[in-house]
Amino acid sequence: MSAESNEYFSIGSEVQCVTCYGQEVQGEVMAFDHQTKLIAIKSQAKNGTKASSCDVRLVNLSHVSSVTVINEADSKAVPPVPNLNFPRLNTRLEQSRKEKLRQVNSLGENVSLEAQKLFLTITKTIEHVHYQGQNIIVMNQVSIASPYKPDNCQCISKTPSSEQTLTHIRKIVEKFHNDQQKLLQTSEQQQPPPAPADSQPRTA
């Protein structure tokens, strides 16, 4: 059945939703808000190592093509809601926010794709990285200019740690280009060989 405006889903019932994109979501109803038509569905965690691990997904019933009640819950026995690890949830939220910000910052303005990839590589281990024009600035100590090779890394500040930082950044840049070269070689090796030319003379 489709999700009509007068439907109600009991806590503890097992339902299956098919989204408008054809994705199936099946599990136990943990919560249902009739006004917003949001339903929280708990299912076995796909990547969980413990039997008690579970995934909880919010589904907007306005965007589903069908909802099927597989097993109606006993209205007299409401299952307890499991405790949520809010510190862990907040940590995951902050990690997700930082990753999105890192990806957005890597785009820069009128910079090459190679510069964006190098920017992302550096920010995996160093947080304070930004663009100055087309140059990549690391920790306000090292500038990496186009074409972003180890020799294009230069100190821009005179501090006791500048030379050490410069050496470290050059190693990162060198490893980045080595890895890119290996990926290119692997890609070329995986390409099928060209078809042999027909050596037989053709007759009209």
Side-chain angles (χ1 to χ4, degrees), residues 1-134 136-140 183:
M1 61 182 175
S2 60
E4 303 294 341
S5 59
N6 60 346
E7 287 181 357
Y8 180 83
F9 300 94
S10 301
I11 306 301
S13 297
E14 185 178 0
V15 299
Q16 181 188 62
C17 301
V18 179
T19 70
C20 55
Y21 299 104
Q23 179 186 11
E24 293 186 359
V25 180
Q26 180 175 334
E28 178 185 338
V29 177
M30 291 188 63
F32 174 62
D33 184 75
H34 188 273
Q35 183 174 359
T36 60
K37 300 186 73 174
L38 284 176
I39 185 171
I41 300 177
K42 180 181 73 172
S43 57
Q44 183 65 37
K46 293 182 178 180
N47 299 323
T49 57
K50 297 181 180 179
S52 59
S53 299
C54 62
D55 292 331
V56 178
R57 285 173 284 189
L58 290 177
V59 178
N60 189 333
L61 296 183
S62 300
H63 302 291
V64 302
S65 58
S66 67
V67 182
T68 303
V69 178
I70 299 175
N71 185 23
E72 187 72 43
D74 185 353
S75 59
K76 297 181 180 179
V78 178
V81 178
N83 294 326
L84 296 178
N85 189 332
F86 285 102
R88 184 178 179 183
L89 290 174
N90 290 332
T91 298
R92 292 178 61 182
L93 178 63
E94 180 63 16
Q95 290 175 345
S96 178
R97 185 192 69 81
K98 288 184 177 181
E99 177 60 22
K100 293 295 183 183
L101 183 62
R102 189 174 74 92
Q103 294 179 7
V104 170
N105 289 340
S106 71
L107 299 178
E109 186 173 351
N110 299 322
V111 297
S112 65
L113 179 60
E114 185 175 38
Q116 295 174 16
K117 291 181 178 179
L118 177 59
F119 188 102
L120 284 173
T121 298
I122 297 174
T123 53
K124 287 180 179 179
T125 54
I126 300 176
E127 184 174 353
H128 301 291
V129 184
H130 66 275
Y131 285 107
Q132 190 174 76
Q134 293 188 340
I136 300 175
I137 308 300
V138 184
M139 300 174 63
N140 289 324
L183 288 174

message: Apply side chain to side chain contact (heavy atoms under 4.5 Å, CB included) to residues Arg102 and Asn105 and explain how you reach the verdict.
response: CA-CA 5 Å; Arg102 189 174 74 92; Asn105 289 340; 5.9 Å; no

For residues [X] and [Y], report the shortest heavy-atom separation together with the two atoms involved.
| X | Y | result |
| --- | --- | --- |
| Gln44 | Asp55 | O-OD2, 4.0 Å |
| Leu61 | Ile39 | CD2-CG2, 3.7 Å |
| Gln103 | Leu120 | CA-CD2, 4.1 Å |
| Val111 | Leu107 | CG2-O, 3.0 Å |

Between [atom1] of [X] and [atom2] of [Y], what distance do you get to the nearest 0.5 Å?
| X | Y | atom1 | atom2 | value |
| --- | --- | --- | --- | --- |
| Glu72 | Phe9 | CD | CZ | 9.0 Å |
| His63 | Thr19 | NE2 | OG1 | 10.5 Å |
| Glu14 | Ser43 | CD | OG | 10.0 Å |
| Gln134 | Glu109 | CD | CD | 9.5 Å |
| Thr36 | Asn60 | OG1 | CG | 7.5 Å |
| Ile41 | Cys17 | CD1 | SG | 4.0 Å |

task: Starting from the C-alpha separation in whole Å, work towards a yes-or-no answer on side chain to side chain contact (heavy atoms under 4.5 Å, CB included) for Tyr131 and Ile136.
output: CA-CA 5 Å; Tyr131 285 107; Ile136 300 175; 3.7 Å; yes

So, the side chain of [X] versus the backbone of [Y]: is there a donor-acceptor pair under 3.5 Å, distance only?
| X | Y | result |
| --- | --- | --- |
| Ser96 | Arg92 | no |
| Ser65 | Val18 | yes |
| Ser10 | Ser13 | no |

query: Are the charged groups of Arg97 and Glu94 less than 4.0 angstrom apart, N to O?
result: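 Judged by the 4.0 Å cut-off on N to carboxylate O distance, Arg97 and Glu94 do form a salt bridge.
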
- request: Say whether Gln95 and Glu99, considering side chains only, have a donor N or O and an acceptor N or O under 3.5 Å apart.
  value: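 No, because no side-chain N or O of Gln95 sits under 3.5 Å from a partner of the opposite role on Glu99.
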
Check against side chain to side chain contact (heavy atoms under 4.5 Å, CB included), His128 and Asn140: CA-CA 8 Å; His128 301 291; Asn140 289 324; over 6 Å; no

